[in-house]
Amino acid sequence: MTSTDKRLYLIDAYAMIFRGYFAFIKNPRISTKGLNTSAIFGFTNSLIELIKRDRPTHLAVVFDVGRTNVRHDDYADYKANRLETPEPILLAKPYINDILEAMHIPILGLEGYEADDVIGTIACKAEKQGYNVFMVTPDKDFAQLVTDKIKMYKPSSKGGDIEILGVEEVKAKYEIEDPKQIIDYLGMMGDAVDNIPGLEGVGEKTAKKFIQEFGSMENLLANTHQLKGKLKEKVEASAERGLLSKKLATILCDAPIEFIEEQYDLEVPDFEKVKEIFDELEFRRLYENLYRAFSNKEYVEELQDSDNHQPTTNNQNPVHKNGTMDLFASFEQLEQATTTKSTIAENDHIYQFIDNPKAQKILVSNLLKQKAVCFDTETTSLNELEAELIGMSFSYKKGLAYYIPISENREEAQETVEIFRPFFEDQNVLKIAHNLKYDYKVLQNYNIDVEGKIFDTMIAHYLLNPDGRHGMDYLSEMYLDYKPVSIETLIGKKGKNQLTLREVDIPTQTNYAAEDADVTFQLYELFAPQLAKENAEKLFYDVEMPLMKVLAKIELTGVKLDSNWLAKESIDLENDLKLLESKIFELSGEEFNMNSPKQLGEILFDKMQLDPKAKKTKTGQFATSEDVLQKLSSKHEIISSILEYRMLQKLKSTYVDALPGQIDKKDNRVHTTFAQTVAATGRLASVNPNLQNIPIRTLRGQQIRGAFVADEGKKIISADYSQIELRLIAEISGEQNMIKAFQNGEDIHASTAAKLFGIDLSEVSKTQRSQAKTVNFGIIYGQGAFALAEQTGLSRTEAKKMIDSYYETYPRLKEYMAEQVKKAQDLGFVETILGRRRHLKDINSSNFVVKAHAERNAVNAPIQGSAADIIKLAMIKIENELETQKLETKMLLQVHDELLFEAPIDEVETATTLIKKEMESAFETKVPLLVEVGVGDNWLEAH
DNA sequence: GCGAGGTA
DNA sequence: TACCTCGC
């Protein structure tokens with residue numbers, strides 16, 4: 001082996017363990033013994049991936065040991081901001097030690113020095129001996145050590161690929177001339193995590209500017225006369241702190257530790273020992289991955305050559321050569337192949353591409369014989385409206401998948417798609433996909449309808465664990481212990497240099513696309529029985545799956561926007577903002593950036609001293625949120641101007657200026673996307689753009705709804721459930737006082753106020769009604785006395801009293817809440833009227849805050865979730881009716897308790913009646929569900 | 001309370 | 001990343 005072949009990898013252990021742990025924070029891996037194995041799994045998986053991908057010749061894992069630290073002598077607060085280490089990470093250490101030992105990987109650490117310094121020292125020493133060194137860490141501090149032979153190896157961020165930073169990459173990324181300047185850069189801007197203070201008033205942008213202008217901390221401090229104003233004062237005042245910061249940011253290269261290369265040879269692991277540990281931790285597929293990482297013959301020979309150790313095991317079977325075997329083995333042969341393999345190394349997978357129409361037809365006839373088939377589409381864009389097919393993959397058996405490349409030529413593409421039409425439109429085969437709505441919409445562009453029974457693994461997992469994450473790669477790692485190829489490995493990072501999948505060769509496309517179908521099929525096999533166990537099949541097949549198609553149609557339809565009005569309003573807002581801004585500058589006696597809460601806080605509280613007891617946020621900044629400012633409005637006239645500025649700025653940036661950019665050129669409409677799996681309560685969310693938060697509260701804001709217009713010859717119909725959540729609380733809890741109020745058609749907030757204050761309905765004042773309304777909402781959103789006090793301006797005791805008398809008014813409500821908490825404690829979950837479950841694992845937590853949070857969810861989730869269930873049912877029924885009655889009316893939006901439609905003028909009456917009827921009867925209740933309908937030329941008029 | 005998204 | 005604000 002020549003010296004240039006020596007590749008040393010130094011792994012920053014704790015950084016990698018933390019990453020692994022937090023990667024799974026939303027649904028942690030818990031073994032049957034109750035051990036949280038997220039950290040161990042995350043670390044070990046990354047390690048194995050690294051070995052598989054890069055085939056290191058030398059490797060070591062570096063830990064921090066002990067407490068003392070050379071940096072503490074300089075600065076007592078160093079790293080004081082680091083949170084206490086979570087328990088699962090502390091528990092992980094011994095397991096990781098055992099695994100590393102079994103893998104024959106050396107563990108380094110030096111008492112009194114940080115892992116950073118050990119890595120730095122070894123890296124420098126190894127470099128001198130001709131090694132190519134890779135520092136495996138996500139921590140940007142290490143960029144300072146990068147040279148021609150020392151590189152940073154940043155592990156993959158979620159879904160992404162690993163990133164290797166050499167000298168050029170570091171220079172480009174941080175806009176510096178020399179990696180060493182990272183030290184000056186960090187010293188200037190500081191680092192909140194490591195509690196490096198940095199220079200006062202210097203953030204990322206200023207630090208970059210300084211580096212370009214002055215090159216180093218010392219040179220900057222020697223030339224502060226070139227700076228101006230506030231910045232000059234601040235930098236000069238904190239010069240000493242800056243120099244100290246630079247020292248703290250420096251990684252040592254001369255820690256007292258030697259680099260003895262023999263100790264770092266990577267050896268073949270003791271597979272048996274590793275397996276024992278993995279078995280205990282219930283890492284199913286990880287062992288296969290490890291085996292595969294070492295199952296390449298050349299690699300093992302290389303490792304064996306490089307040292308004199310005998311491998312502990314030597315049955316290296318080459319991995320199965322997947323993909324492009326000659327056309328055309330019979331399907332039976334291929335299937336045979338996946339069942340007869342026995343050893344793990346052999347039992348890989350068969351991914352086959354099929355580009356000949358004849359073979360494709362055979363595949364289709366084969367697909368039609370199956371009970372369940374998974375499919376996936378590969379496209380040119382994530383935007384379904386412009387996406388063109390690059391290929392499709394199919395799988396109906398673990399380890400076996402087919403890939404169909406599709407021509408760039410639209411006509412040829414359509415021909416290929418037509419071959420598969422019988423499959424997509426078949427009524428019997430269950431069609432499985434991950435995030436099926438996407439594929440559904442793409443296929444709609446090819447005039448294909450996905451019919452028959454469907455199964456979306458993303459939505460299935462959402463029903464099983466609504467609080468978790470549902471990405472395919474994530475689920476694969478979580479449930480299959482298998483990390484699929486990341487798309488970025490194939491086509492590069494996001495950005496202008498990213499290729500499309502079409503630009504990589506067909507075998508590579510096949511490996512990627514077929515794997516997705518394979519993985520999704522395996523997830524289906526896992527989730528389908530789980531849905532039955534969780535009693536979620538009806539909700540899944542009768543609500544969420546049909547709803548998916550309804551949402552797809554809504555998204556494809558889009559909403560028409562009046563872009564002329566928006567353009568005009570943008571100019572008006574701009575003018576109004578300018579006027580307000582100059583008024584504010586005048587009142588404060590200084591010009592500053594109004595959009596920076598930090599600067600605003602300093603002006604109001606440091607300079608103007610508007611509140612000597614000003615509240616701070618958790619990062620030590622002054623809080624300047626609306627409620628805080630509201631309370632100060634009597635102190636100074638500047639406040640009302642600031643509040644108005646904030647409002648107009650929000651309207652302009654978020655709506656008036658942003659919406660026109662989202663208009664689709666082809667049909668002049670905006671097409672939102674409804675996320676069906678993000679809100680844990682069962683609600684939908686709207687993204688790109690979010691059309692569920694269009695203003696309504698203020699007059700000026702409302703005008704924006706006027707820009708959502710009906711097409712010529714049509715009208716907008718808005719239909720919303722009146723007080724659906726409160727009606728459901730009354731219904732579910734059986735609270736008679738509330739039920740009666742609704743049955744009598746009373747104004748529920750006024751009615752609540754009357755009872756709350758013991759007065760007649762006619763005597764209720766505006767303030768009293770508004771307070772009652774706040775309490776009602778507090779109940780809906782699961783808030784406590786604290787939040788209520790915040791919102792009403794009442795004192796904590798008053799708020800508490802208010803809540804107490806609320807419960808006296810509605811006694812069943814309190815009982816109901818207690819029952820829900822009890823249910824969560826007994827069963828581990830609560831559920832909605834349609835059986836949508838929310839698991840509350842923290843309901844018995846010993847941490848008061850965490851437990852209280854779970855308790856609020858126990859009460860709140862069934863209410864919000866049931867309302868979500870009901871409107872989902874209504875949407876499905878309405879869409880069915882519109883279709884069977886062959887009406888032209890289109891559903892445009894769902895805003896939690898409101899539906900928006902666009903109807904031809906001659907259909908308005910029919911549609912209005914139909915919509916109201918279906919919504920009010922979507923689910924049978926004792927408390928009447930009331931729907932208010934409005935019609936107009938735009939959303940403002942209709943609402 | 002939960003979402004999305006804008007800005008520094 | 002933190003903060004703020006829009007909706008329900």
Side-chain angles (χ1 to χ4, degrees), chain A residues 81 189-193 201 203-206 466-467 592-601 615-630 642-643 645-659 661-662 672-698 700-702 704-705 720-726 773-774 776-784 786-788 790-791 838 852-865 867-868 871 893-899 939 943:
Chain A
N81 277 0
M189 68 179 262
D191 184 337
V193 180
E204 188 185 324
K205 280 190 178 169
T206 320
D467 288 284
F592 60 98
N593 186 347
M594 267 298 296
N595 294 323
S596 162
K598 191 171 173 233
Q599 292 185 34
L600 177 65
K615 265 206 305 187
K616 296 266 181 84
T617 65
K618 62 181 171 208
T619 49
Q621 281 188 46
F622 289 111
T624 65
S625 58
E626 188 176 345
D627 54 316
V628 172
L629 295 186
Q630 206 67 257
I642 291 170
L643 286 170
Y645 180 94
R646 280 258 180 90
M647 177 184 80
L648 298 186
Q649 173 65 28
K650 172 82 179 178
L651 293 180
K652 184 168 187 293
S653 64
T654 310
Y655 306 104
V656 176
D657 286 351
L659 285 173
Q662 302 270 5
T672 184
T673 302
F674 283 100
Q676 209 175 340
T677 60
V678 295
T681 52
R683 277 185 174 182
L684 299 174
S686 157
V687 290
N688 290 319
N690 180 353
L691 298 185
Q692 290 182 321
N693 72 343
I694 305 300
I696 193 163
R697 250 180 37 222
T698 62
R700 186 89 186 242
Q702 272 180 24
I704 293 169
R705 294 197 167 211
D720 66 298
Y721 282 108
S722 154
Q723 311 295 352
I724 187 168
E725 270 122 345
L726 283 175
K773 188 175 170 182
T774 312
N776 276 331
F777 272 92
I779 299 293
I780 293 174
Y781 297 139
Q783 297 170 334
F786 183 75
L788 181 72
E790 278 292 304
Q791 282 190 12
R838 180 125 188 233
H853 185 241
E855 285 175 357
R856 283 199 295 276
N857 277 333
V859 174
N860 174 246
I863 305 300
Q864 258 194 47
I871 198 164
L893 289 178
Q894 188 253 45
V895 193
H896 307 306
D897 63 357
E898 174 185 9
L899 294 176
W939 195 359
H943 193 85

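Chain identifiers are assigned alphabetically (A, B, ...) following the order of the sequence lines, protein sequences preceding nucleic acid strands; residue numbering begins at 1 within each chain. The shown structure was predicted, so the numbers you read here are calculated from the model rather than taken from an experiment.
Side-chain polar atoms of Trp939(A) and Glu898(A) form a donor-acceptor pair below 3.5 angstrom.
Residue contacts shown for Asn593(A) are limited to sugar-phosphate atoms, with no base heavy atom under 4.0 Å away. At the heavy-atom level, Ala787(A) lies nowhere under 4.0 Å from the strands shown. Residue contacts shown for Asn860(A) are absent, as no nucleic acid heavy atom lies under 4.0 Å away.
Asn776(A) meets the side-chain hydrogen bond (donor to acceptor under 3.5 Å, both in side chains) test with His749(A), Thr752(A), Tyr806(A); sequence neighbours excluded. Residues satisfying the side-chain hydrogen bond (donor to acceptor under 3.5 Å, both in side chains) criterion with Ser686(A), sequence neighbours excluded, are Thr672(A). Every residue meeting the salt bridge (charged side-chain N to carboxylate O under 4.0 Å, His left out) condition with Lys652(A), not counting sequence neighbours, appears here in chain and number order: Glu574(A), Asp657(A). Partners of Thr617(A) under the side-chain hydrogen bond (donor to acceptor under 3.5 Å, both in side chains) rule, at least two apart in sequence or in another chain, are Thr619(A).
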Under 4.0 Å protein heavy-atom contact, by nucleotide of nucleotides 2-8 of chain C - B base, S sugar-phosphate only: SSSBBSB
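Considering only heavy atoms from C-beta on, Gln702(A) stays 4.5 Å or farther from Arg700(A) through its side chain. Inter-residue side-chain proximity for Ile704(A) and Val656(A) is flagged as met; some heavy-atom pair is nearer than 4.5 Å.
With a cutoff of under 4.0 Å to any heavy atom of chain A, the contacted region of DNA chain B is bounded 5' to 3' by dG1(B) to dA8(B).
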Run Arg646(A) and Thr624(A) through side chain to side chain donor-acceptor pair (under 3.5 Å) and show every step you take. CA-CA 11 Å; Arg646(A) 280 258 180 90; Thr624(A) 65; 2.9 Å; yes
